[in-house]
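Following: one structure in C-alpha cells, then a few remarks.
Residue indices begin at 1 and follow the sequence shown. If you're wondering where the values come from, they're calculated on a predicted model, not measured in any experiment.
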Amino acid sequence: MLYHLFTYLYKTYHLPGAGVFQYTTFRAAMAVITSLLIAQVFGGRLIRVLQRRQIGEGIRDLGLQGQMEKKGTPTMGGLIILLAILVPVLLFARLDNIYIILMLLSTVWLGLIGFLDDYIKVVKKDKEGLAGRFKVLGQVGLGITVGWVLFFSNDVTVRQYLLPDGQLSAVDASQVYQDVKLMITTIPFAKNNELNYGNLFSYAGPYFNGLYAFLYIPIVIVIITAVSNGANITDGLDGLAAGTSAIIGTTIAIFAFVSGNSVLADYLDIMYIPNSGELVIFCTAFVGACVGFLWYNSYPAQVFMGDTGSLAIGGIIAVLALIIRKELLIPVLCGVFLIENLSVIVQVSYFKYTRKKYGEGRRLLRMSPLHHHYQKLGYHESKIVSRFWIVGIMLAVLTLVTLKLR
C-alpha cells in the first residue's frame with residue numbers, strides 16, 4: 001500500500017524522497033526490518049495470550065531427552081510468522097503484481113489449513129487434529145490454483161531473445177527480444193539449461209501440444225505437497241524448521257533478485273522473468289519473519305510454530321521456486337526437508353516389509369524423522385539443530401553455484 005501511495009505522491013506532487021519507494025532494494029530492506037519488529041513485538045504478546053488460554057502442546061512420551069519438559073509450551077506460534085510476512089508485504093510490495101498476489105494467496109491458504117489442524121488439536125483436545133485427507137485436499141487445491149495461474153495467466157511470461165538463425169533463447173544477450181507465454185524451467189548443472197514442459201509431449205504429435213497443462217499442474221501439486229509436508233516433518237526440534245527455512249528463503253531471494261533484473265540476468269546468462277523482482281520484498285519479509293520467530297523458538301523454545309507455521313513456510317518455499325523457474329533445484333536447496341521426508345518413508349516402508357517377511361517389524365533408524373534418530377543416539381537438541389543448519393547453508397551455497405556451474 002505504501003508503494004502505491006508514495007508512487008502517487010511522487011508522480012503527482014513530486015514529494016521529495018517519495019521516489020525511493022521505486023527501488024526494490026529499499027523496499028526489501030524496509031520489509032525485513034518491519035517483519036523483524038512485528039515478530040518481536042507481536043510474538044511476546046501472542047505467547048502471553050496463548051499461555052493465559054492454556055493453548056499448549058500435548059507431548060506423547062517417546063523417550064527422548066528433555067521431551068517432557070516441553071509439555072504445555074504454547075503452540076500456534078506460526079501466527080507470528082504469518083503476520084510478520086503479510087503486513088510488510090502489504091505495506092511495501094506492489095499489490096498489482098501477479099506473483100505477489102499468488103504468494104499472498106498461498107500464505108493465507110496453507111496458514112488456514114495449519115491453523116485448523118492446530119485449533120482442533122489444542123482447543124478441541126483432539127490429538128488427531130485435522131484429518132490427513134483434508135490436509136492433502138487443501139494442498140492439492142492450492143497446487144491446482146497455482147499451476148493454473150502460472151500456466152494460463154498472460155501476466156506470467158519469460159523473456160525470449162531472437163538468435164541470428166531465427167530461433168528464440170531465454171539466455172541470449174541479443175537486443176531483440178519479446179516477453180512470451182512459455183512454460184520453461186531451469187535444469188541445474190546443464191549447459192543449455194532450459195526445459196520446455198511442452199516438449200515432453202512433443203513425441204506424441206501436434207494433437208498433444210496444447211495438453212501439457214495436464215502434466216504441469218500435477219507436477220506443481222506434487223512439489224507443493226512434498227515441500228510443505230517436508231517442512232512440517234522437520235518442525236520437531238526447537239529452531240530447526242525456522243532456521244532452515246530462513247536459509248532457504250535467503251537463497252531464493254538472491255535467485256529472485258537476479259532473475260528479475262535484466263542486467264544481472266544477462267550478465268549471468270540466466271533466464272529473465274519480467275516482474276519477478278518484486279518477489280524480493282516477499283522473500284525478505286519471509287526471512288525476517290523466520291529469524292524473528294527464532295527469538296522465541298530457539299532452544300529452549302517459548303513457543304512452537306505448529307502446523308500453522310510449518311505448512312505455510314513449506315508451501316511458500318515451493319511456490320517461490322516454481323515462480324522463478326527453479327523447482328528442479330528443490331531437492332538440493334531443500335535437502336534437509338527432503339532427507340527428513342525420506343527418513344520417514346524409508347522407516348515406515350522397511351518396517352512394513354520386515355513385518356510381512358519376518359513376522360515382526362524392524363527399523364533402519366532408531367526413530368524417524370532423522371533428527372529424532374540423532375536424539376536417540378544421545379546428541380543434544382541444540383547440536384543437532386546447529387549441524388542441520390550447517391548442512392542447509394552448504395546446500396544453499398551449492399544451489400547458488402548452479403548460476404555459473406553448468
**Tyr350: ring-ring contact (aromatic ring centres under 6.0 Å, His included) partners, not counting sequence neighbours** = none
**Message:** Suppose we screen for ring-ring contact (aromatic ring centres under 6.0 Å, His included). Which residues come up paired with Trp295, at least two apart in sequence or across chains?
**Reply:** none
**Item:** Partners passing salt bridge (charged side-chain N to carboxylate O under 4.0 Å, His left out) against Glu340 (at least two apart in sequence or in another chain)
**Value:** none
**Message:** Main chain of Val32, side chain of Ser35: is a donor-acceptor contact present, judged purely on distance under 3.5 Å?
**Reply:** yes
**Enclosure of Tyr3 OH (heavy-atom neighbours >12, cutoff 6.0 Å)** = yes
**Request:** Output the distance between atom CZ (Phe255) and atom CD1 (Ile273), rounded to the nearest 0.5 Å.
**Result:** 11.0 Å
**Message:** Just to verify, what does Asn229 make a side chain to side chain donor-acceptor pair (under 3.5 Å) with, not counting sequence neighbours?
**Reply:** Gln139
**Message:** Other residues, nucleotides and ligands only: do more than 12 of their heavy atoms fall within 6.0 Å of OH on Tyr374?
**Reply:** no
**Asked** Is there a donor-acceptor pair closer than 3.5 Å between any side-chain N or O of Thr284 and the backbone N or O of Ile281?
**Response** yes
All N/O donor-acceptor pairs, side-chain side in residues 319-339, below 3.5 Å, sequence neighbours left out:
{"residue": "Arg325", "atom": "NH1", "partner": "Leu182", "partner atom": "O", "Å": "3.1"}
{"residue": "Arg325", "atom": "NH1", "partner": "Ile184", "partner atom": "O", "Å": "2.9"}
{"residue": "Lys326", "atom": "NZ", "partner": "Ile324", "partner atom": "O", "Å": "3.2"}
{"residue": "Glu327", "atom": "OE1", "partner": "Thr185", "partner atom": "OG1", "Å": "3.0"}
{"residue": "Glu327", "atom": "OE2", "partner": "Thr185", "partner atom": "OG1", "Å": "3.1"}
{"residue": "Glu327", "atom": "OE2", "partner": "Tyr197", "partner atom": "OH", "Å": "2.5"}

**Asked** Distance-only, no hydrogens or angles: does the Glu381 side chain make a donor-acceptor pair with backbone N or O of Tyr299 under 3.5 Å?
**Response** no
**Request:** Tell me, please, which residues at least two apart from Asp96 pass salt bridge (charged side-chain N to carboxylate O under 4.0 Å, His left out).
**Result:** Arg94
**Complete:** Sorted by chain and residue number, the salt bridge (charged side-chain N to carboxylate O under 4.0 Å, His left out) partners of Asp117 (sequence neighbours excluded) come out as Lys121, Lys135
**Fill in**
Applying side chain to side chain donor-acceptor pair (under 3.5 Å) to Asn297 and not counting sequence neighbours gives none
**Item:** Neighbour count above 12 (heavy atom, 6.0 Å) for Tyr119 OH
**Value:** no
**Prompt:** At their closest point, which heavy atom of Ser245 faces which heavy atom of Cys290, and how far apart are they?
**Reply:** CB-SG, 4.0 Å
Donor-acceptor contacts under 3.5 Å from residues 355-370 side chains, at least two apart:
{"residue": "Lys357", "atom": "NZ", "partner": "Tyr353", "partner atom": "OH", "Å": "3.2"}
{"residue": "Arg366", "atom": "NH1", "partner": "Lys376", "partner atom": "O", "Å": "3.4"}

**Request:** Specify whether Tyr216 and Phe151 have parallel, tilted or perpendicular ring planes, treating 30° as the upper limit for parallel and 60° as the lower limit for perpendicular.
**Result:** tilted
**Message:** Suppose the criterion is salt bridge (Lys or Arg N to Asp or Glu O under 4.0 Å): which pairs have a residue in residues 21-40, not counting sequence neighbours?
**Reply:** Arg27-Glu278
**Message:** Could you work out, with side chain to side chain donor-acceptor pair (under 3.5 Å) as the rule, every residue matching Thr308, not counting sequence neighbours?
**Reply:** Asp118
**Prompt:** Who are the side chain to side chain donor-acceptor pair (under 3.5 Å) partners of Tyr267, not counting sequence neighbours?
**Reply:** none
**Distance in Å, Ile393 CD1 paired with Ile248 CD1, rounded so as to fall on 0.5 Å steps** = 11.5 Å
